[in-house]
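Remarks on the structure that follows.
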Amino acid sequence: MNMKTLLYSCLLLIPMMAQAQFTPNYEEQKVPNFTLPDVLVRFNGKKIKNAKKWEKKRRPEILGFFERTVYGQVPGSLDNVSFTLLESDKNALNGKAHRKQIEVLLTKNGKSLSFTLLVYTPKNRQNVPVFLGYNFYGNHTITNDTMVEVPKAWSLNNEDFGVLDHIPTEKSRGVRTNRWDLNNILEGGFGLATIFYGEVDPDKDDFSDGLHALFYEEEQERPHPEEWGSIAAWAFGLSRALDYLETDPDIDGTKVIAFGHSRLGKASLWAGATDERFAAVVSNNSGCGGAALSKRQFGETIARINTNFPHWFATNFKEYNEKEMELPVDQHQLLALIAPRPLYVASAHEDQWADPRGEFLSAHYASAVYQLYTINGVETMAMPQLNTPMMNALSYHIRTGIHDVTAYDWEQYIRWAQKYVAP
Ligand code: GTR
């Protein structure tokens, strides 16, 4: 081999090596050995023995770490939050539901941002428990109801849904009804409240828009390294929606369940952790940076997620790219921050990218905190069979199929919420 060919092959190797580094691991035997930080041992080594000490000592330090280093802190508070009822119909969905669309207006530093909350409650019912969660492409995608407004905010493109040039469109009305089992939610005695996540913070690596920009000091262009990324902004938006829900007599503000799928499941978990007014949380296939343990490095990893989605987490979190073992926390501790409130973690068998086993083990290790309250969680380390939920206040299931939200998932969430959230 002459010098030239040698040099050429080396040049070819560099991108291949970078690629190899990023090849996701899907083999259980290749999961590295690691010691999980004990949820009940403080950073100073002291053991936590009861719920009181957990709440006073351990919970705040875990929350503080996740705030500064993972999702990022919210820099201050809003000047004002106000609600305007845009529209309502007591005979929506063929007389089954009461529909409302509410504008939630957030103001800070003379700037404002608004989002539209779509709420359905069972007809002629008041004070009902409700599932609150974001949708990916607009409120009008979750139902065929023609009265639901098409949002104007920036959207991810989706050719199948007719979303080109990042503009939500009428064409996608009803395209996501499969992910929102509205009939069964209402028949189960629950309301459903949803928001298009792009209205709170567009899902792109651009900090000039969305919620972040409201909080900037003069000439600031992006959050400081310990400040919030998009997931924390979405979580904050859920809390502002909860501010409204607490004022609505049709809804029981003490029984609002934060629900989310995938990246929005990460947001619902963080909302439940930071805002204890949420009565319960559902994490559907939330994966890396959500329910799944990072130290397993199975499927999506910290480096991968921070590279593909540089805006999701605090800049500080990038320090742990390919350094999972150095991270003094793991995601079971995020789950533990929800305790003693009911929590449902769900995986899908074909969703290996989200590491179902890592999601399961995370729920298992979080159970130690539920036990302090004598509440049952995921006690065993053996994963359940497919489509066989382990149902307790802290529940887990893995169903057949892909990364998605299905009628099967909703059937379990409704049953669980009837038992543990709104008995
Ligand atoms: C994937 C991402 C996951 C998950 C998912 C989703 O591309 O890697 O962490 O959040 O998107 O939100 O659908």
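Both ligands and their constituent atoms are indexed starting at 1 by order of listing. In what follows, every heavy atom counts, from backbone to side chain, and hydrogens, waters and symmetry copies are set aside. The first residue in the sequence is number 1, and the count goes up from there.
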For a distance cut-off of 3.5 Å, show me each N or O of ligand 1 paired with any protein N or O, plus the separation.
{"unit_1": "ligand 1", "atom_1": "8 (O)", "unit_2": "Glu300", "atom_2": "OE1", "d": "3.1"}
{"unit_1": "ligand 1", "atom_1": "8 (O)", "unit_2": "Glu300", "atom_2": "OE2", "d": "2.5"}
{"unit_1": "ligand 1", "atom_1": "8 (O)", "unit_2": "Trp353", "atom_2": "NE1", "d": "2.9"}
{"unit_1": "ligand 1", "atom_1": "9 (O)", "unit_2": "Lys266", "atom_2": "NZ", "d": "2.9"}
{"unit_1": "ligand 1", "atom_1": "9 (O)", "unit_2": "Glu300", "atom_2": "OE1", "d": "2.6"}
{"unit_1": "ligand 1", "atom_1": "9 (O)", "unit_2": "Glu300", "atom_2": "OE2", "d": "3.4"}
{"unit_1": "ligand 1", "atom_1": "10 (O)", "unit_2": "Ser262", "atom_2": "OG", "d": "3.2"}
{"unit_1": "ligand 1", "atom_1": "10 (O)", "unit_2": "Arg263", "atom_2": "N", "d": "3.1"}
{"unit_1": "ligand 1", "atom_1": "10 (O)", "unit_2": "Lys266", "atom_2": "NZ", "d": "3.4"}
{"unit_1": "ligand 1", "atom_1": "11 (O)", "unit_2": "Arg263", "atom_2": "NH2", "d": "2.9"}
{"unit_1": "ligand 1", "atom_1": "12 (O)", "unit_2": "Ser262", "atom_2": "OG", "d": "2.6"}
{"unit_1": "ligand 1", "atom_1": "12 (O)", "unit_2": "Arg263", "atom_2": "N", "d": "3.0"}
{"unit_1": "ligand 1", "atom_1": "12 (O)", "unit_2": "Arg263", "atom_2": "NE", "d": "2.5"}
{"unit_1": "ligand 1", "atom_1": "12 (O)", "unit_2": "Arg263", "atom_2": "NH2", "d": "3.3"}
{"unit_1": "ligand 1", "atom_1": "13 (O)", "unit_2": "Ser262", "atom_2": "OG", "d": "2.8"}
{"unit_1": "ligand 1", "atom_1": "13 (O)", "unit_2": "His403", "atom_2": "NE2", "d": "3.3"}

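With Arg296 as the fixed residue, the salt bridge (charged side-chain N to carboxylate O under 4.0 Å, His left out) test singles out one of Glu324, Glu27, Glu28: Glu28. The only option from Thr388, Asp409, Asn387 that meets the side chain to side chain donor-acceptor pair (under 3.5 Å) definition with His397 turns out to be Asp409.
Applying the salt bridge (charged side-chain N to carboxylate O under 4.0 Å, His left out) test to pairs two or more places apart or on separate chains, those with a residue in residues 260-279 are Arg59-Glu276, Asp203-Arg263, Asp243-Arg277, Glu246-Arg277, Asp275-Arg277. For the side chain to side chain donor-acceptor pair (under 3.5 Å) condition, the pairs that include at least one residue of residues 64-83, sequence neighbours left out, are Tyr71-Gln331.
Residues passing the side-chain contact (heavy atoms from CB on, under 4.5 Å) test with Thr247 are Phe83, Tyr244, sequence neighbours excluded.
Taking the six-membered ring for Trp and thresholds of 30 and 60 degrees, His261 and His403 have ring planes inclined between 30 and 60 degrees apart.
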